[in-house]
Amino acid sequence: MSVAISGDQALGRRRQLSDEVAAYVRDLIMSGQVRHGEFLRLERIAEDLGISVTPVREALLSLRGEGFVTLEPRRGFMPAPLTRQDVQDLFEAQAYFAGELAARAAGRITGAELESLDRTQALLEEASKARDSATIERANHEFHRIINLSAGSPKTAWLLQLVVRYAPRRFYSSIEGWTQASVDDHHLVLAALRAGDGDAARQAMRAHVRHAGTLLVVHLEAQGFWNERPG
């Protein structure tokens with residue numbers, strides 16, 4: 001019995017590691033650090049993450065199944081083509097689900113949860129002033145997590161998670177204007193939640209997510225991401 005449990009635990013750790021690698025590669029692609037036409041070097045990714053090549057290969061095969069990367073025979077993996085419309089579509093879907101969750105949270109959120117949001121927002125603003133990217137990303141993630149949990153709609157939150165994983169959370173703070181946009185946009189979301197105004201919360205959250213998507217498109221354009229592939 002102990003051997004079976006140990007095997008299950010090892011398999012679970014292996015899957016978790018593969019998922020973490022997949023998230024890292026998605027971030028690389030969505031932040032424009034690698035693009036279609038450039039190969040994803042397994043050894044380089046493994047070295048960057050301090051792991052073996054095996055979970056990297058498993059992660060890339062998983063991303064291939066999602067249509068996020070392609071496998072070129074005898075050459076390796078590369079990002080699949082990503083258009084402006086693809087990016088806009090991903091953020092529009094994210095805006096829809098995040099907006100619905102915010103609207104539902106407005107009618108359910110507790111005083112304790114609002115206090116937690118205030119503390120998290122204060123941490124985000126302090127980290128923004130200090131240019132502490134790791135804390136910025138953690139605080140932003142926590143801000144949205146509190147709202148999504150308070151909505152009491154796990155299936156909608158699950159659908160949101162499917163879309164959010166394509167947003168480059170790990171590199172957001174390096175995108176010009178993103179940190180200040182989060183600080184400013186969150187105040188509008190907070191005001192709607194405090195007022196218990198579901199419609200205002202929905203609109204504020206959707207505007208916030210769309211704003212992030214616009215900033216990402218501008219960031220990718222500035223990098224020449226689509227120079228050789230118009231549209």
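Owing to the predicted nature of the structure, the values given are computational and were not obtained by experimental measurement.
Closest heavy-atom contact between V21 and V56: CG1-CA, 3.9 Å. Shown here for A98 and L160, the closest heavy-atom pair between the two residues is N-CD1, 3.9 Å. Heavy atoms only, all atoms of each residue included: V209 and A95 are closest at CG1-N, 3.6 Å. Taking all atoms of both residues into account, the shortest heavy-atom contact from A105 to I147 is CB-O, 3.6 Å. Residues E38 and M78 share a closest heavy-atom pair of O-CB, 3.2 Å. When all heavy atoms are compared, the tightest approach of S150 to E113 is CB-OE1, 3.4 Å.
Residues Q203 and D199 fail the side-chain proximity criterion, which asks for heavy atoms closer than 4.5 Å. Using a 4.5 Å heavy-atom threshold, the side chains of V183 and Q121 count as touching. R206 is listed as a side-chain neighbour of E100, based on a closest heavy-atom distance under 4.5 Å. Side chains of R35 and P79 form no contact here, defined as non-hydrogen atoms less than 4.5 Å apart. At least one side-chain heavy atom of L117 sits less than 4.5 Å from a side-chain heavy atom of I109. At least one side-chain heavy atom of D48 sits under 4.5 Å from a side-chain heavy atom of Y24. Here the side chains of W178 and L216 are not in contact, with every heavy-atom distance at 4.5 Å or above. Side-chain contact between W226 and V217 is present, with heavy atoms from C-beta onward closer than 4.5 Å.
The distance from the CZ atom of R202 to the CG atom of D197 is 9.5 Å, given to the nearest 0.5 Å. In this structure, the separation between OG1 on T156 and CH2 on W158 is 11.0 Å, given to the nearest 0.5 Å. Taken from OG1 in T214 to CD in Q88, the straight-line distance is 7.5 Å, to the nearest 0.5 Å.
Electrostatic pairing of R41 and E47 does not count as a salt bridge here, judged by no charged N lying under 4.0 Å from a carboxylate O. For R194 and D118, the salt-bridge test passes: some basic side-chain N is under 4.0 Å from an acidic carboxylate O. The existence of a salt bridge linking R119 and E142 is excluded, since no basic side-chain nitrogen approaches an acidic carboxylate oxygen closer than 4.0 Å.
Partners of E92 by salt bridge (charged side-chain N to carboxylate O under 4.0 Å, His left out), not counting sequence neighbours, listed by chain and number: R210. Shown here are the salt bridge (charged side-chain N to carboxylate O under 4.0 Å, His left out) partners of E126, two or more places apart in sequence or in another chain: there are none.
Of the possible donor and acceptor atoms, none in the side chain of H36 sits under 3.5 Å from a partner among the backbone N and O of A80. Proximity of a side-chain donor or acceptor of R108 to a complementary backbone N or O of A151 within less than 3.5 Å is detected. Remark: side-chain polar atoms of S62 are not paired, donor with acceptor, to backbone N or O of E58 under 3.5 angstrom. A donor-acceptor pair under 3.5 Å is absent between the side-chain atoms of S116 and the main chain of A112, judged by distance alone. Under the 3.5 Å distance criterion, the side-chain polar atoms of H219 are left unmatched by any main-chain donor or acceptor of E176.
For H144 and H208, the distance between ring centers is under 6.0 angstrom.
Between the side chains of T135 and R138, at least one donor N or O sits under 3.5 Å from an acceptor N or O. Side-chain contact annotation: Q180 with D184, donor-acceptor N/O pair under 3.5 Å present.
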Evaluate the criterion side chain to side chain contact (heavy atoms under 4.5 Å, CB included) for residue pair H211 and L215; output intermediate values, then yes/no. CA-CA 6 Å; H211 192 180; L215 289 172; 3.9 Å; yes
Pair L220, Q223 - check side chain to side chain contact (heavy atoms under 4.5 Å, CB included), show working. CA-CA 5 Å; L220 293 174; Q223 290 187 314; 4.0 Å; yes
